[in-house]
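First up is the structure itself, then whatever we jot down about it.
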Amino acid sequence: MPRRRVEEQNLHAQRWVISYADFITLLFAFFVVMYAISSVNEEKYKQVADSLSGVFSGPEGNAERAIEGKTETDPAGIGVFQGGEGKSGTPTVKIIQPKPENSAVLKAIGEQMDVQFKKLIRSGHVAVQSNNLWVALELGANLVYPEGGGLPAITSDPVFERVAKILNQYDNPIHVEGYTDNQFISTDEYPSNWELSAARAAGVVRILELNGVKPQRMAAVGFGEYQPLADNETEDGRKMNRRIVIVVTRDRKTQRVVSAFGSEQVSEDAVSGILTESGLPESAIEKVVDEQGRISFRRKDQTQPIDTETLTSPETFAPQTQESPQ
C-alpha cells in the first residue's frame, strides 16, 4: 500500500496582510496630519496677523520693541519692531492754488487769434476754440497743403508768421495735431494716412521754429483718419476732416493729456478729472460716438462739477522751480 504524500504548507501565502497593515497605518497617519494642519487657532492667527500689520503700518517715530510679554500693539508678545519710518495710508499731495495768470495767458492768446484771423474765421478756413486749459487754432488742410501733400504751401507762410508772432510772447507748451480724411493713399513717401497726418503736423512745427518759436516747447502728433469731425462719405465732410490744429496748453501736464486724446475729441471736464484726481483710471474716461459718427472722450461720472480754478499743475506743486509753465 503506497504511503500518502504530505503536502507542504506555503508559509508566505499570507504576507499581503503585512503590506496591507502598513498601508492602513500610513493612511491613518496622513489623515491625522491633514487634520492637524486644517485646525487653525483663530485667536493665535489673529494675534500674529495684528503683529505683522504693526510692523508695516506702525505710527511714525514709534521704534520701541516688545521684548517680553504682550503689549497693546503686539498682543501675541512675539517681540517685533514697530513703526520705523513707515507711513500709514495713501500719501497725499499738497496742492497749492494755481497762478491766476495761467488762465489769463490762454484768454489773451485766444483773443489775439480771434483778431488776427477774423477774416479767415468768417470764411470758414480757420476756427479758434479756447477754455481754461488750452487754446486750439484749427486750420483747414486745403488752406495750408496741396491735395495729398505733406509740405505746407508757400501761400500759407503769412498765416504761420502771425501765429508765431502771437506764440513768441509766451512760454506755454505747444503741440500740432494732424488729421486726414479716409481717402486711400499709398506712396513711397506716405504709405498711409498715418504718415501723411504726422508729416503735416511736423511741417507746421518746423515752420513755427523757423519763425522763432522755441522747439523745446513744441511737439507733433498725427491722428490719421481715425478722429473725423464729419462724415467721410461726402466731399464736404472729407474737407472738414482734413485739418491741422495748433494747440497751446496751460502746462506740460495738460499738454500730455490733451495730445493723448486729441484736442477736439476730449472734453475739458475729462482733462480736469485726470489733472485733479491722481488716481483716476483710464476706465473713468468713456468714448462717445454721436449721430454723425464723430468720436469724443469725456468723464463717465459728470454728476459733480469740476472747479477748473483749482486744477493742479506742475507750477502748483511745491517746491516751485520755474516761473514759466512746465
Where the side chain of Arg200 meets the backbone of Ala141, is there a donor-acceptor pair that is under 3.5 Å apart? no

Quick one: side chain to side chain contact (heavy atoms under 4.5 Å, CB included) partners of Lys239, sequence neighbours excluded? Asn142, Arg242

Under 3.5 Å donor-acceptor, Thr234 side chain and Gly237 backbone: yes

Run the salt-bridge test on Arg206 and Glu209 with the 4.0 Å N-O cut-off and return the result as yes or no. no

Which residue pairs pass the side chain to side chain donor-acceptor pair (under 3.5 Å) test with at least one member in residues 189-198, sequence neighbours excluded? Ser192-Glu195, Asn193-Glu225

According to side chain to side chain contact (heavy atoms under 4.5 Å, CB included), who are the partners of Ala219, at least two apart in sequence or on a separate chain? His175, Gln255

Once salt bridge (Lys or Arg N to Asp or Glu O under 4.0 Å) is applied, do any residues pair with Arg217, and if so which ones, sequence neighbours excluded? none

Which heavy atom of Ser156 sits nearest to which heavy atom of Ala153, and what is that distance? OG-O, 2.6 Å

Look only at the side chain of Glu177 and the backbone of Ser263, and say whether a donor-acceptor pair between them is shorter than 3.5 Å. yes

For Tyr145, enumerate each residue passing the ring-ring contact (aromatic ring centres under 6.0 Å, His included) test, keeping only those at least two apart in sequence or located in another chain. none

Check whether any side-chain heavy atom of Val245 sits under 4.5 Å from a side-chain heavy atom of Leu137, and report yes or no. no

Residues two or more places apart in sequence or in another chain: which of them pass side chain to side chain contact (heavy atoms under 4.5 Å, CB included) with Ser130? Val135

Which pair of non-hydrogen atoms, one from Ile174 and one from Ile246, has the smallest distance, and what is that distance? CG2-CG2, 4.0 Å

Results of salt bridge (Lys or Arg N to Asp or Glu O under 4.0 Å) for Glu233 - residues two or more places apart only: none

Listed partners of Asn131 passing side chain to side chain contact (heavy atoms under 4.5 Å, CB included), at least two apart: Leu133, Trp134, Glu268

By the rule that ILVMFWY residues connect when side-chain heavy atoms come within less than 4.5 angstrom, directly or transitively, which residues belong alongside Phe184? none

Does Glu264 pair with Arg243 as a salt bridge, N-O distance under 4.0 Å? yes

N/O donor-acceptor pair under 3.5 Å between Thr25 side chain and Ala21 backbone: yes

Applying ring pair (Phe, Tyr, Trp, His ring centres under 6.0 Å) as the test, list every pair that has at least one member in residues 107-133; sequence neighbours left out. none

Do you know the tightest heavy-atom contact between Tyr179 and Gln265? OH-OE1, 3.7 Å

With no hydrogens and no angle check, is any side-chain donor or acceptor of Asn241 less than 3.5 Å from a backbone partner on Pro228? no

Apart from Phe28 itself, its cluster of hydrophobic side chains linked below 4.5 Å comprises Val32

Gly212 and Asn168 have their tightest heavy-atom pair at O-OD1, 3.2 Å

Where at least one partner belongs to residues 108-119, residue pairs that pass side chain to side chain donor-acceptor pair (under 3.5 Å), sequence neighbours excluded: Gln112-Gln169, Gln112-Tyr170

Verify, without hydrogens or angle tests, whether Asp181 (side chain) and Glu235 (backbone) share a donor-acceptor contact under 3.5 angstrom. no

